[in-house]
Number of protein chains: 2
Amino acid sequence: MPRFKDDFLEKCDCYLLHEDTVEQVRKQMPDQELLIRLAELYKIFGDATRISILMCLSTAEMCVCDISTLLKMTQSAISHQLRVLKQANLVKNRRQGKAVFYCLADEHVKQIFEQGLVHIKEEY
Amino acid sequence: MPRFKDDFLEKCDCYLLHEDTVEQVRKQMPDQELLIRLAELYKIFGDATRISILMCLSTAEMCVCDISTLLKMTQSAISHQLRVLKQANLVKNRRQGKAVFYCLADEHVKQIFEQGLVHIKEEY
DNA sequence: TGCACACATGAACAACTGTTCATATGTTAG
DNA sequence: CTAACATATGAACAGTTGTTCATGTGTGCA
(Lines give C-alpha, C1' and ligand atoms only; values in the text may rest on other atoms or scores of the structure.)
Protein backbone atom coordinates (compact mmCIF):
# COMPACT_ATOMS: atom_id res chain seq x y z
CA MET A 1 0.00 0.00 0.00
CA PRO A 2 1.41 3.37 -1.04
CA ARG A 3 1.96 6.04 1.55
CA PHE A 4 -1.38 7.61 0.85
CA LYS A 5 -0.63 10.09 3.59
CA ASP A 6 2.22 11.75 1.72
CA ASP A 7 -0.04 12.84 -1.12
CA PHE A 8 -2.54 14.61 1.07
CA LEU A 9 -0.48 15.96 3.88
CA GLU A 10 0.12 19.67 3.92
CA LYS A 11 0.07 21.35 7.29
CA CYS A 12 -1.59 18.60 9.29
CA ASP A 13 0.05 15.34 10.20
CA CYS A 14 -3.00 13.21 9.46
CA TYR A 15 -5.43 12.46 6.62
CA LEU A 16 -8.12 14.96 5.80
CA LEU A 17 -10.93 12.97 7.32
CA HIS A 18 -13.95 15.11 6.52
CA GLU A 19 -13.10 17.46 3.71
CA ASP A 20 -16.66 18.70 3.32
CA THR A 21 -16.99 19.62 6.97
CA VAL A 22 -13.70 21.47 6.92
CA GLU A 23 -14.74 23.49 3.87
CA GLN A 24 -18.12 24.30 5.33
CA VAL A 25 -16.63 25.48 8.59
CA ARG A 26 -13.91 27.43 6.81
CA LYS A 27 -16.53 29.50 5.02
CA GLN A 28 -18.16 30.40 8.33
CA MET A 29 -14.94 31.41 10.05
CA PRO A 30 -14.33 35.11 10.72
CA ASP A 31 -11.01 36.28 9.35
CA GLN A 32 -7.99 35.55 11.46
CA GLU A 33 -7.27 39.15 12.38
CA LEU A 34 -10.67 39.44 14.04
CA LEU A 35 -10.06 36.28 16.02
CA ILE A 36 -6.73 37.61 17.21
CA ARG A 37 -8.34 40.86 18.33
CA LEU A 38 -11.02 38.91 20.15
CA ALA A 39 -8.38 36.85 21.92
CA GLU A 40 -6.52 40.03 22.87
CA LEU A 41 -9.70 41.42 24.40
CA TYR A 42 -10.34 38.34 26.50
CA LYS A 43 -6.71 38.12 27.51
CA ILE A 44 -7.17 41.45 29.23
CA PHE A 45 -10.19 40.16 31.12
CA GLY A 46 -8.22 37.04 31.99
CA ASP A 47 -6.44 38.38 35.03
CA ALA A 48 -7.85 38.58 38.53
CA THR A 49 -6.38 42.00 39.23
CA ARG A 50 -7.78 43.55 36.07
CA ILE A 51 -11.17 41.91 36.54
CA SER A 52 -11.26 43.22 40.08
CA ILE A 53 -10.43 46.71 38.92
CA LEU A 54 -13.17 46.61 36.31
CA MET A 55 -15.57 45.31 38.92
CA CYS A 56 -14.71 48.25 41.18
CA LEU A 57 -15.20 50.75 38.40
CA SER A 58 -18.54 49.26 37.46
CA THR A 59 -19.81 50.50 40.81
CA ALA A 60 -18.13 53.88 41.03
CA GLU A 61 -15.50 56.17 39.61
CA MET A 62 -12.35 55.74 41.70
CA CYS A 63 -8.86 57.12 41.98
CA VAL A 64 -5.77 54.93 41.88
CA CYS A 65 -5.23 55.21 45.61
CA ASP A 66 -8.76 54.07 46.43
CA ILE A 67 -8.46 51.06 44.15
CA SER A 68 -5.16 49.96 45.60
CA THR A 69 -6.53 50.36 49.11
CA LEU A 70 -9.62 48.33 48.32
CA LEU A 71 -7.76 45.54 46.53
CA LYS A 72 -4.90 45.56 49.04
CA MET A 73 -2.32 45.89 46.32
CA THR A 74 0.50 48.35 45.71
CA GLN A 75 -0.19 51.55 43.84
CA SER A 76 2.38 50.55 41.27
CA ALA A 77 0.74 47.24 40.45
CA ILE A 78 -2.64 48.91 40.06
CA SER A 79 -1.18 51.69 37.96
CA HIS A 80 0.44 49.22 35.60
CA GLN A 81 -2.81 47.36 35.13
CA LEU A 82 -4.81 50.54 34.67
CA ARG A 83 -2.45 51.39 31.88
CA VAL A 84 -3.20 48.09 30.18
CA LEU A 85 -6.93 48.65 30.58
CA LYS A 86 -6.68 52.16 29.20
CA GLN A 87 -4.68 51.08 26.17
CA ALA A 88 -7.42 48.55 25.46
CA ASN A 89 -10.06 51.29 25.69
CA LEU A 90 -11.76 49.56 28.57
CA VAL A 91 -11.34 52.45 30.99
CA LYS A 92 -10.87 56.19 30.73
CA ASN A 93 -9.53 58.69 33.22
CA ARG A 94 -9.59 62.32 34.21
CA ARG A 95 -7.30 64.30 36.44
CA GLN A 96 -8.66 66.28 39.36
CA GLY A 97 -5.94 67.95 41.34
CA LYS A 98 -3.40 65.40 42.43
CA ALA A 99 -5.74 62.47 41.98
CA VAL A 100 -6.58 60.68 38.73
CA PHE A 101 -10.03 59.18 38.55
CA TYR A 102 -10.79 56.13 36.45
CA CYS A 103 -14.10 54.80 35.18
CA LEU A 104 -15.31 52.25 32.64
CA ALA A 105 -14.99 53.43 29.06
CA ASP A 106 -18.61 52.47 28.36
CA GLU A 107 -21.44 50.38 29.74
CA HIS A 108 -20.57 47.75 27.20
CA VAL A 109 -17.59 46.63 29.22
CA LYS A 110 -19.89 45.83 32.10
CA GLN A 111 -21.99 43.58 29.89
CA ILE A 112 -19.01 41.53 28.84
CA PHE A 113 -17.95 40.39 32.25
CA GLU A 114 -21.53 40.07 33.46
CA GLN A 115 -22.05 37.59 30.66
CA GLY A 116 -19.16 35.62 32.07
CA LEU A 117 -20.58 35.78 35.58
CA VAL A 118 -23.83 34.26 34.35
CA HIS A 119 -21.91 31.36 32.86
CA ILE A 120 -19.98 30.70 36.04
CA LYS A 121 -22.99 30.90 38.32
CA GLU A 122 -24.91 28.44 36.15
CA GLU A 123 -22.04 26.01 36.07
CA TYR A 124 -21.59 25.38 39.78
CA MET B 1 4.46 68.05 60.62
CA PRO B 2 4.00 64.47 61.80
CA ARG B 3 4.07 61.67 59.29
CA PHE B 4 0.31 61.48 59.06
CA LYS B 5 0.79 58.75 56.48
CA ASP B 6 2.23 56.27 58.96
CA ASP B 7 -0.94 56.22 61.03
CA PHE B 8 -3.25 55.41 58.14
CA LEU B 9 -1.15 53.25 55.89
CA GLU B 10 -1.99 49.57 55.83
CA LYS B 11 -1.64 47.83 52.51
CA CYS B 12 -1.62 50.88 50.27
CA ASP B 13 1.26 53.28 50.04
CA CYS B 14 -0.90 56.40 50.00
CA TYR B 15 -3.56 58.11 52.09
CA LEU B 16 -7.08 56.81 52.01
CA LEU B 17 -8.50 59.56 49.89
CA HIS B 18 -12.18 58.64 49.70
CA GLU B 19 -13.03 56.29 52.51
CA ASP B 20 -16.77 56.40 51.83
CA THR B 21 -16.37 55.48 48.17
CA VAL B 22 -14.09 52.60 49.06
CA GLU B 23 -16.59 51.22 51.58
CA GLN B 24 -19.49 51.58 49.19
CA VAL B 25 -17.65 49.77 46.43
CA ARG B 26 -16.39 47.10 48.79
CA LYS B 27 -19.95 46.16 49.67
CA GLN B 28 -20.82 45.74 45.99
CA MET B 29 -17.83 43.56 45.19
CA PRO B 30 -18.40 39.84 44.52
CA ASP B 31 -16.22 37.66 46.72
CA GLN B 32 -12.68 37.16 45.58
CA GLU B 33 -13.04 33.50 44.70
CA LEU B 34 -15.72 34.34 42.16
CA LEU B 35 -13.52 36.98 40.57
CA ILE B 36 -10.68 34.51 40.29
CA ARG B 37 -12.95 31.98 38.61
CA LEU B 38 -14.16 34.66 36.23
CA ALA B 39 -10.58 35.55 35.36
CA GLU B 40 -9.78 31.87 34.79
CA LEU B 41 -12.69 31.63 32.37
CA TYR B 42 -11.59 34.63 30.35
CA LYS B 43 -8.00 33.49 30.40
CA ILE B 44 -9.10 30.45 28.45
CA PHE B 45 -10.81 32.62 25.85
CA GLY B 46 -7.72 34.80 25.74
CA ASP B 47 -5.76 32.76 23.23
CA ALA B 48 -6.12 32.91 19.46
CA THR B 49 -5.81 29.16 19.04
CA ARG B 50 -8.48 28.35 21.58
CA ILE B 51 -10.81 31.06 20.29
CA SER B 52 -10.36 29.68 16.79
CA ILE B 53 -11.17 26.18 17.95
CA LEU B 54 -14.31 27.38 19.70
CA MET B 55 -15.28 29.30 16.58
CA CYS B 56 -14.91 26.14 14.52
CA LEU B 57 -17.00 24.12 16.92
CA SER B 58 -19.72 26.74 16.99
CA THR B 59 -20.37 25.85 13.35
CA ALA B 60 -20.00 22.08 13.41
CA GLU B 61 -18.82 19.10 15.39
CA MET B 62 -15.29 18.29 14.27
CA CYS B 63 -12.57 15.76 14.91
CA VAL B 64 -9.07 16.73 15.98
CA CYS B 65 -7.65 16.07 12.54
CA ASP B 66 -10.18 18.35 10.85
CA ILE B 67 -9.49 21.18 13.25
CA SER B 68 -5.74 20.97 12.84
CA THR B 69 -6.13 20.90 9.07
CA LEU B 70 -8.40 23.92 9.09
CA LEU B 71 -6.25 25.95 11.47
CA LYS B 72 -3.00 24.80 9.84
CA MET B 73 -1.55 23.74 13.16
CA THR B 74 -0.08 20.48 14.39
CA GLN B 75 -2.34 17.82 15.82
CA SER B 76 -0.41 17.98 19.06
CA ALA B 77 -0.93 21.68 19.56
CA ILE B 78 -4.66 21.33 18.92
CA SER B 79 -4.91 18.33 21.19
CA HIS B 80 -3.25 20.18 24.03
CA GLN B 81 -5.64 23.10 23.69
CA LEU B 82 -8.68 20.85 23.39
CA ARG B 83 -7.65 19.35 26.69
CA VAL B 84 -7.63 22.80 28.27
CA LEU B 85 -11.04 23.56 26.83
CA LYS B 86 -12.44 20.27 28.03
CA GLN B 87 -11.12 20.71 31.55
CA ALA B 88 -12.86 24.08 31.61
CA ASN B 89 -16.12 22.44 30.52
CA LEU B 90 -16.23 24.53 27.37
CA VAL B 91 -16.21 21.56 25.00
CA LYS B 92 -17.17 17.91 25.19
CA ASN B 93 -16.16 14.97 23.03
CA ARG B 94 -17.21 11.53 21.87
CA ARG B 95 -15.23 8.79 20.28
CA GLN B 96 -16.33 7.26 16.98
CA GLY B 97 -13.92 4.65 15.76
CA LYS B 98 -10.45 6.09 15.60
CA ALA B 99 -11.66 9.66 15.51
CA VAL B 100 -12.67 11.80 18.48
CA PHE B 101 -15.30 14.42 17.76
CA TYR B 102 -15.49 17.64 19.72
CA CYS B 103 -18.33 20.11 20.10
CA LEU B 104 -19.22 23.04 22.33
CA ALA B 105 -20.35 22.02 25.81
CA ASP B 106 -23.44 24.24 25.51
CA GLU B 107 -24.84 27.13 23.54
CA HIS B 108 -23.84 29.43 26.34
CA VAL B 109 -20.23 29.29 25.29
CA LYS B 110 -21.21 30.69 21.92
CA GLN B 111 -22.92 33.66 23.58
CA ILE B 112 -19.82 34.57 25.53
CA PHE B 113 -17.54 35.10 22.59
CA GLU B 114 -20.28 36.59 20.47
CA GLN B 115 -20.64 39.26 23.16
CA GLY B 116 -16.96 39.99 22.69
CA LEU B 117 -17.33 40.16 18.93
CA VAL B 118 -20.04 42.79 19.29
CA HIS B 119 -17.71 44.91 21.39
CA ILE B 120 -14.88 44.66 18.90
CA LYS B 121 -17.02 45.44 15.90
CA GLU B 122 -18.47 48.52 17.57
CA GLU B 123 -15.07 49.79 18.54
CA TYR B 124 -13.41 50.03 15.14
C1' DT C 1 10.25 77.92 45.31
C1' DG C 2 10.50 73.73 47.73
C1' DC C 3 8.25 69.87 49.71
C1' DA C 4 4.93 66.16 49.99
C1' DC C 5 1.55 63.55 47.85
C1' DA C 6 -0.62 60.97 43.79
C1' DC C 7 0.45 58.70 39.97
C1' DA C 8 3.33 56.80 35.99
C1' DT C 9 7.00 54.13 34.20
C1' DG C 10 11.25 51.41 33.18
C1' DA C 11 14.08 47.51 34.50
C1' DA C 12 14.41 43.14 36.49
C1' DC C 13 12.88 38.84 37.94
C1' DA C 14 10.05 34.84 38.86
C1' DA C 15 6.10 32.45 37.33
C1' DC C 16 3.28 30.99 33.75
C1' DT C 17 1.98 29.63 28.91
C1' DG C 18 1.90 27.61 24.25
C1' DT C 19 4.30 25.11 20.97
C1' DT C 20 7.34 21.37 19.49
C1' DC C 21 9.28 16.89 19.80
C1' DA C 22 9.16 12.31 21.15
C1' DT C 23 6.45 8.79 22.57
C1' DA C 24 2.39 6.41 24.55
C1' DT C 25 -2.50 4.88 24.15
C1' DG C 26 -6.58 3.45 21.77
C1' DT C 27 -8.83 1.72 17.60
C1' DT C 28 -9.61 -0.67 13.18
C1' DA C 29 -8.41 -3.33 9.10
C1' DG C 30 -6.13 -7.12 7.16
C1' DC D 1 -1.60 -10.35 16.12
C1' DT D 2 0.37 -6.65 13.64
C1' DA D 3 0.61 -2.45 11.21
C1' DA D 4 -1.14 2.05 10.45
C1' DC D 5 -3.87 5.78 11.81
C1' DA D 6 -6.00 9.16 15.24
C1' DT D 7 -5.39 11.09 19.39
C1' DA D 8 -3.24 12.03 24.03
C1' DT D 9 0.46 13.31 26.90
C1' DG D 10 4.97 14.40 29.18
C1' DA D 11 9.24 17.03 28.94
C1' DA D 12 11.58 20.87 27.36
C1' DC D 13 12.12 25.35 25.67
C1' DA D 14 11.27 30.05 24.27
C1' DG D 15 8.30 33.75 24.77
C1' DT D 16 5.10 36.27 27.59
C1' DT D 17 3.17 38.27 31.82
C1' DG D 18 2.50 40.42 36.49
C1' DT D 19 4.64 42.12 40.38
C1' DT D 20 8.25 44.63 42.83
C1' DC D 21 11.63 48.13 43.30
C1' DA D 22 13.53 52.38 42.20
C1' DT D 23 12.76 56.54 40.27
C1' DG D 24 10.51 60.08 37.38
C1' DT D 25 6.57 63.36 36.46
C1' DG D 26 2.76 66.31 37.71
C1' DT D 27 0.08 68.92 41.06
C1' DG D 28 -1.13 71.75 45.18
C1' DC D 29 0.16 74.03 49.35
C1' DA D 30 2.85 76.76 52.52
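Convention: sequence-line order gives letters A, B, ...; per-chain numbering from 1.
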State whether the side chain of A:Asp66 and the backbone N or O of B:His18 hold a donor-acceptor pair below 3.5 Å, judged by distance alone. yes

Under 3.5 Å, is there a donor-acceptor pair between the side chain of A:Arg50 and the main chain of A:Ile44? yes

Cluster link A:Val109 to A:Val84, ILVMFWY, side chain under 4.5 Å: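 Yes: a chain of side-chain contacts under 4.5 Å links A:Val109 to A:Val84.
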
Sugar-phosphate, base or nothing in reach of [X], heavy atoms under 4.0 Å:
| X | value |
| --- | --- |
| A:Phe101 | nothing |
| A:Ile78 | nothing |
| B:Ala99 | sugar-phosphate |
| A:Leu17 | sugar-phosphate |

On a plain distance test, is the side chain of [X] in donor-acceptor contact with the base of [N] below 3.5 Å?
| X | N | value |
| --- | --- | --- |
| A:Gln75 | C:dA8 | yes |
| B:His80 | C:dT17 | no |
| A:Ser76 | C:dT9 | yes |

Please tell me if [X] has a side-chain N or O lying less than 4.0 Å from either OP1 or OP2 of [N].
| X | N | value |
| --- | --- | --- |
| B:Arg83 | D:dT9 | yes |
| A:Gln96 | D:dT27 | no |
| A:Thr74 | D:dT19 | no |
| B:Ser79 | D:dT9 | no |
| B:Arg50 | C:dT17 | no |

Where the side chain of A:Cys65 is concerned, which of D:dA8, C:dC7, D:dT19 is the nearest nucleotide?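 Closest of the options to the side chain of A:Cys65: C:dC7.
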
As a test of reading the structure: which of D:dT19, C:dA8, D:dA8 is closest to the side chain of B:Val100, going by heavy atoms? D:dA8

Using atom [atom1] of [X] as one end and atom [atom2] of [N] as the other, report the distance to the nearest whole Å.
| X | N | atom1 | atom2 | answer |
| --- | --- | --- | --- | --- |
| B:Arg94 | D:dT7 | CZ | P | 12 Å |
| A:Leu82 | D:dT19 | CG | P | 12 Å |
| B:Met73 | C:dT20 | CE | P | 6 Å |
| A:Gln81 | D:dT17 | CD | P | 11 Å |
| B:Lys98 | C:dT28 | NZ | C1' | 5 Å |
| A:Ile53 | C:dC7 | CD1 | C1' | 14 Å |
| A:Leu71 | D:dT19 | CG | P | 10 Å |
| B:Gln87 | D:dA8 | CD | P | 12 Å |

Verify whether one side chain among B:Arg94 and B:Gln96 offers a donor that lies under 3.5 Å from an acceptor in the other. yes

By nearest heavy atom, map B:Lys43 and A:Tyr102 onto DNA chain C; which one lands nearer the 5' end?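 Checking each residue's closest nucleotide, the 5'-ward one belongs to A:Tyr102.
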
B:Ser68 and B:Ile78: which non-hydrogen atoms are nearest, and at how many Å?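 Closest pair (atom of B:Ser68, atom of B:Ile78, distance): CB-CG1, 3.6 Å.
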
Less than 4.0 Å between a side-chain N and a carboxylate O, is that true for A:Arg37 and A:Glu40? no

Closer to the 5' end of DNA chain D via nearest nucleotide, is it A:Arg95 or A:Glu40? A:Glu40

